[in-house]
Novice: 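Starting off with a structure, shown below.
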Protein chains: 2
Amino acid sequence: MDYLNPNVPLDYYHDNCPTLMALKLVNQKWKLPILWQIGLHQELHYNQLKRQLIGITNTMLAKSLRELDGDGLVLRHQFDTTPPTVTYALTDQGKQLLITLEGLREFGEIG
Amino acid sequence: MDYLNPNVPLDYYHDNCPTLMALKLVNQKWKLPILWQIGLHQELHYNQLKRQLIGITNTMLAKSLRELDGDGLVLRHQFDTTPPTVTYALTDQGKQLLITLEGLREFGEIG
DNA sequence: CAGGATCCGTCCCGATACTG
DNA sequence: CAGTATCGGGACGGATCCTG
């Protein structure tokens with residue numbers, strides 16, 4: 001709780017504070033639901049995933065998955081068949097993040 | 001981890017899932033820093049708070065404080081003097097939320 | 001001292017259409 | 001099957017100025 005120094009602008013912390021960095025990983029509409037679904041099924045194909053997430057568009061799903069992959073939360077497995085097959089699974093980090101966020105769930109239920 | 005039902009659109013969960021609700025409380029640029037600062041000092045005047053948060057504008061600080069108050073995370077104490085004096089403190093919920101988010105800090109440090 | 005009002009740029013997100 | 005390309009609206013955040 002000692003992240004803020006009066007002489008440093010906030011943007012510095014947004015790029016360095018671990019808590020804010022962790023929050024940024026899931027601060028987009030579909031990211032957490034995507035992580036939940038993958039965690040729930042261990043491994044999912046792109047279209048399987050899309051069917052679970054009612055209302056999501058290809059644009060958002062593909063973009064979110066790319067970012068989650070880049071952030072090391074999900075693992076993309078591509079099989080070079082025709083038609084192509086891709087599956088997504090959680091990394092250990094992704095699993096750890098979901099576990100950590102369970103703490104928030106209890107809070108939300110109280111409030 | 002069983003929040004998502006294939007037959008229900010996501011917006012429903014955004015308004016009902018405790019985890020997403022808890023996340024929404026702090027999913028704005030200055031909210032968490034504001035909570036940290038108040039928690040750090042127990043109680044702060046508006047301008048004291050503003051001086052700690054380098055770069056924040058009156059618009060954002062006042063708006064964030066109003067919302068945090070409305071969400072039950074901070075407590076606004078107004079003294080009808082001239083000039084007016086207002087102090088902000090954390091509610092028990094606000095304190096609890098900060099404690100919970102400490103879990104995220106550990107995660108961010110690993111990643 | 002503690003804000004409110006207004007304007008404005010940016011980025012998130014959705015809709016639609018197309019592809020190796 | 002698993003995406004990409006493009007367009008557009010709306011919310012979020014910042015800048016500036018004003019006030020009881």
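The chains referred to below are lettered A, B, ... by the order of the sequence lines, with proteins before strands, and numbering in each begins at 1.
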Novice: Report the nucleotide, chosen from C/dG3, D/dA2, D/dT4, that has the shortest atom-to-atom distance to any side-chain atom of B/Asn58.
Specialist: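 Shortest atom-to-atom distance from the side chain points to C/dG3.
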Novice: Taking only side-chain N and O atoms of B/His45, does any of them lie within less than 4.0 angstrom of OP1 or OP2 on C/dA2?
Specialist: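 For C/dA2, OP1/OP2 do have a side-chain N/O of B/His45 under 4.0 Å.
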Novice: What is the separation between atom CG on A/Leu65 and atom C1' on C/dC13, rounded to the nearest whole Å?
Specialist: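 So the two atoms are 16 Å apart, to the nearest Å.
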Novice: Main chain of A/His45, side chain of A/Thr87: is a donor-acceptor contact present, judged purely on distance under 3.5 Å?
Specialist: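 No, because the side chain of A/Thr87 does not come within donor-acceptor range (under 3.5 Å) of the backbone of A/His45.
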Novice: Over how many whole Å does the gap from A/Leu44 atom CG to D/dC1 atom P extend?
Specialist: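 It is 14 Å, rounded to the nearest whole Å.
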Novice: Rounding to a whole Å, what distance do you find between B/Leu53:CG and C/dG3:P?
Specialist: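 Result: 14 Å.
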Novice: For the pair made of NE2 in B/His77 and P in C/dG3, what is the distance, rounded to whole Å?
Specialist: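 Going from NE2 in B/His77 over to P in C/dG3 covers 14 Å.
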Novice: Respond yes when some side-chain nitrogen or oxygen of B/Arg76 is under 4.0 Å from OP1 or OP2 of C/dG3, and no when none is.
Specialist: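 Yes, such a contact exists.
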Novice: Using the side-chain heavy atoms of B/Pro84, tell me which of these nucleotides is nearest: D/dG14, C/dC1, C/dG4.
Specialist: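 Among the listed nucleotides, the one closest to the side chain of B/Pro84 is C/dC1.
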Novice: Tell me: CD1 of B/Ile56 to P of D/dG14, nearest whole Å?
Specialist: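 Nearest whole value for this atom pair: 8 Å.
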Novice: Quick one: closest heavy-atom pair of B/Lys31 and B/Glu67, and the distance?
Specialist: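 Looking at all heavy atoms of both residues, the closest pair is NZ-OE1, 2.7 Å.
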Novice: Send over the distance from B/Lys24 NZ to C/dC12 P, rounded to a whole Å.
Specialist: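 After rounding, the gap between these two atoms is 18 Å.
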Novice: Could you tell me which non-hydrogen atom of A/Gln42 sits nearest to which non-hydrogen atom of A/Ala89, and how far apart they are?
Specialist: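 It is O-CB, 3.5 Å.
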Novice: Please report the distance, rounded to the nearest Å, between CG in B/Asp80 and P in C/dG3.
Specialist: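 Taking CG of B/Asp80 and P of C/dG3, I get 12 Å after rounding.
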Novice: Note the angle between the end axes of the helix from C/dC1-D/dG20 to C/dG20-D/dC1, five pairs defining each, rounded to 10 degrees.
Specialist: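 Nearest ten degrees gives 60° for this helix.
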Novice: Of all the heavy-atom pairs spanning A/Arg51 and A/Ile54, show the shortest one and how long it is.
Specialist: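 It is O-CD1, 3.4 Å.
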Novice: Can you name the closest pair of heavy atoms from A/Leu104 and B/Thr100 and give their distance?
Specialist: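 So the minimum-distance heavy-atom pair works out to N-CG2, 3.6 Å.
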Novice: Taking CD from A/Gln48 and P from D/dG3, how many angstroms apart are they, rounded to a whole number?
Specialist: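 Whole-Å distance recorded here is 13 Å.
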Novice: If we ignore hydrogens and angles and just use 3.5 Å, is the side chain of B/Thr91 paired with the main-chain N or O of B/Leu73 as donor and acceptor?
Specialist: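 Checking the backbone N and O of B/Leu73 against the side chain of B/Thr91, a donor-acceptor pair under 3.5 Å is found.
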Novice: Quick one: which of D/dA15, C/dG14, D/dA2 gets closest to the side chain of A/Tyr46?
Specialist: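 Selected nucleotide: D/dA2.
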Novice: A/Trp36 and B/Thr19: which non-hydrogen atoms are nearest, and at how many Å?
Specialist: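 The answer is CZ2-CB, 4.0 Å.
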Novice: For A/Tyr88, answer base if it contacts any base atom (sugar-phosphate contacts may also be present), sugar-phosphate if it contacts only those atoms, and nothing otherwise; contact means non-hydrogen atoms under 4.0 Å.
Specialist: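 Sugar-phosphate only.
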Novice: Taking all non-hydrogen atoms of both residues into account, name the closest pair between A/Leu98 and A/Leu90 and its distance.
Specialist: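 Scanning both residues, the minimum pair turns out to be CD1-CD1, 3.7 Å.
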Novice: Generate the contact string for nucleotides 6-13 of chain D. Rules: B means base contact, S means sugar-phosphate contact only, - means no protein heavy atom under 4.0 Å.
Specialist: -------S
Novice: Does B/Arg66 make a side-chain N or O approach to OP1 or OP2 of C/dG3 shorter than 4.0 Å?
Specialist: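 Checking B/Arg66 against C/dG3: no side-chain N or O falls below 4.0 Å of OP1 or OP2.
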Novice: Does A/His41 NE2 have over 12 foreign heavy atoms under 6.0 Å away?
Specialist: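 Result for NE2/A/His41: enclosed.
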Novice: Under a plain distance cut-off of 3.5 Å, with no hydrogens placed, do A/Tyr46 and A/Asn58 share a side-chain donor-acceptor pair?
Specialist: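 Yes, a side-chain donor-acceptor pair sits under 3.5 Å.
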